[in-house]
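Heads up: the structure comes next, in structure tokens.
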Amino acid sequence: MECAAKGRGTRCVGPAVRRCPRCEIVAYCSLSHQISHWSDHKEECERLEEQIRDSDMMNKFPFTFCEEATVQILEKKQSRCTFLSRRSLHHIGLWSCECSCGFSHIGHNFPVLIKYWNLSSTLAPCGDPISPLSKQLSCWEEYYAWRSISLASPAALLLQWPLTIYHALQLNASRLQSADGSKDIIIHYLGPDKELFQLAVFGELRALLPHNNVHIEFVGPAIPEYRDGEKININSYLHCDDIDCKCKLSSGTSSNTVVTLRLHKGFYHDRFRDLMKDSFPHLIIAPNAGVAAFPTWMETIELIHQLKTPAVFTDFCEEAAHLAARCLSSITCCQLALPIQLNPFRQPMAVEDTALYLPCYSNCFLFGI
Ligand SMILES: [Zn+2]
Ligand SMILES: [Zn+2]
Ligand SMILES: [Zn+2]
Ligand SMILES: [Zn+2]
């Protein structure tokens with residue numbers, strides 16, 4: 001961790017081991033840096049203090065592995081690697097990018113679309129839902145019950161992506177224009193990163209939105225050149241590991257809806273004209289965006305504001321969401337249409353080595369314009 005006063009005046013004298021005694025979230029190399037930074041930090045400190053009080057709520061999940069995947073990782077008694085190893089998922093298929101060492105392991109030789117969960121049928125949603133959704137899902141517990149999977153299943157680690165989209169659509173239901181009676185839902189998905197290696201999980205949207213054809217246009221600088229323009233149709237669910245499970249039959253699914261994905265390399269404000277030729281989005285979503293951290297978002301946000309399309313952003317912690325919201329308000333001169341709120345479908349495993357002593361989760365907080 002870096003001294004919070006680094007680069008402002010005098011040089012740091014060593015590692016940042018001295019935490020701010022009030023919020024205990026930022027750290028300093030020395031007492032003198034702590035004192036000199038106070039006028040800058042004061043407002044932030046009060047906010048962070050409040051956020052740390054709320055963090056119990058962030059660490060709360062219904063899963064049997066909750067303690068292991070949250071508090072124990074935050075306290076470094078456990079790592080994402082050991083969590084995955086215990087379940088024989090370390091460096092395996094879709095799970096490869098779920099730990100810090102996994103990315104270097106997979107390198108560039110990654111198959112386009114992985115078809116397997118690497119989980120048994122009691123842990124994996126591998127076929128059509130037994131019954132259609134009778135009401136909106138509001139938490140992981142309801143989703144797992146509906147899909148008849150055990151609360152021991154780590155599937156939520158990957159299902160955070162489609163479930164966050166589902167939740168963003170529900171939150172904007174009143175603003176989504178579907179007057180044309182079309183079955184299509186078009187989503188512009190900005191800044192994909194590791195989800196590019198986990199694209200098959202978006203097929204779960206077939207179960208979640210059985211009456212719609214979902215089209216997702218992924219746009220971002222992380223998309224490799226050679227995948228620009230690639231189109232992927234997903235018309236089946238990811239398979240489980242059970243040899244005799246009916247998900248292995250070609251008629252394993254009765255639903256005839258399709259999820260279509262397309263990849264576009266570059267920034268949204270550079271590529272949107274090409275995308276608009278085919279389709280105007282119903283929703284724009286930017287997961288784990290880091291709006292305040294990357295200046296390239298400014299142009300994109302101005303564009304989204306002009307388009308007047310509902311846009312949902314997520315971030316890893318409340319402070320990042322707060323800073324992002326401040327950027328959004330100053331660019332659009334409007335209040336958020338969707339205030340900052342905890343995402344019930346955030347990834348149930350803590351991020352390791354965060355910049356602040358604050359719990360962080362993928363897709364943790366949602367907000368929108
Ligand atoms: Zn310092
Ligand atoms: Zn503080
Ligand atoms: Zn690892
Ligand atoms: Zn199966």
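Just follow the structure's listing: the first ligand is 1, and inside any ligand the first atom is 1. Just so it is clear, the structure is predicted and the values come from calculations on it, not from any experiment.
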Result of checking Asp193, Asp315, Asn288 against Ser362 for side-chain hydrogen bond (donor to acceptor under 3.5 Å, both in side chains): Asn288

Shortest non-hydrogen pair, Arg206 vs Ile234, comes out as CD-O, 3.5 Å

Identify which one of Glu319, Glu46, His322 satisfies the side-chain hydrogen bond (donor to acceptor under 3.5 Å, both in side chains) criterion when paired with Gln51. Glu319

To 10°, measure the SG(Cys3)-the Zn ion (ligand 1)-SG(Cys29) angle for me. 120°

What protein N/O/S atoms lie closer than 2.8 Å to the Zn ion (ligand 4)? Cys126 SG, Cys240 SG, Cys245 SG, Cys247 SG

On a heavy-atom basis, the closest approach of Pro344 and Cys139 is CB-CA, 4.3 Å

By the definition side chain to side chain contact (heavy atoms under 4.5 Å, CB included), identify the one residue from Met349, Gln198, His90 that meets it with Glu98. Gln198

Tell me, which protein N/O/S atoms are under 2.8 Å away from the Zn ion (ligand 3)? Cys81 SG, His90 NE2, Cys99 SG, Cys101 SG

Side chain to side chain contact (heavy atoms under 4.5 Å, CB included) test vs Cys20 passes for just one of His41, Glu49, Glu44, namely His41

Would you name the heavy atoms of Tyr268 and Pro281 that are closest together and state the gap between them? OH-CG, 4.1 Å

Identify whether the distance between the nearest side-chain nitrogen and carboxylate oxygen of Lys76 and Glu352 falls below 4.0 Å. no

Using every non-hydrogen atom in the two residues, find where Ala289 and Phe294 come nearest and quote the distance to one decimal. O-CD1, 3.8 Å

After noting the C-alpha distance and the side-chain angles of Asn213 and Thr260, does the key distance pass the side-chain hydrogen bond (donor to acceptor under 3.5 Å, both in side chains) rule? CA-CA 8 Å; Asn213 289 317; Thr260 325; over 6 Å; no

Looking only at N, O or S atoms in His33, which is nearest to the Zn ion (ligand 1)? ND1

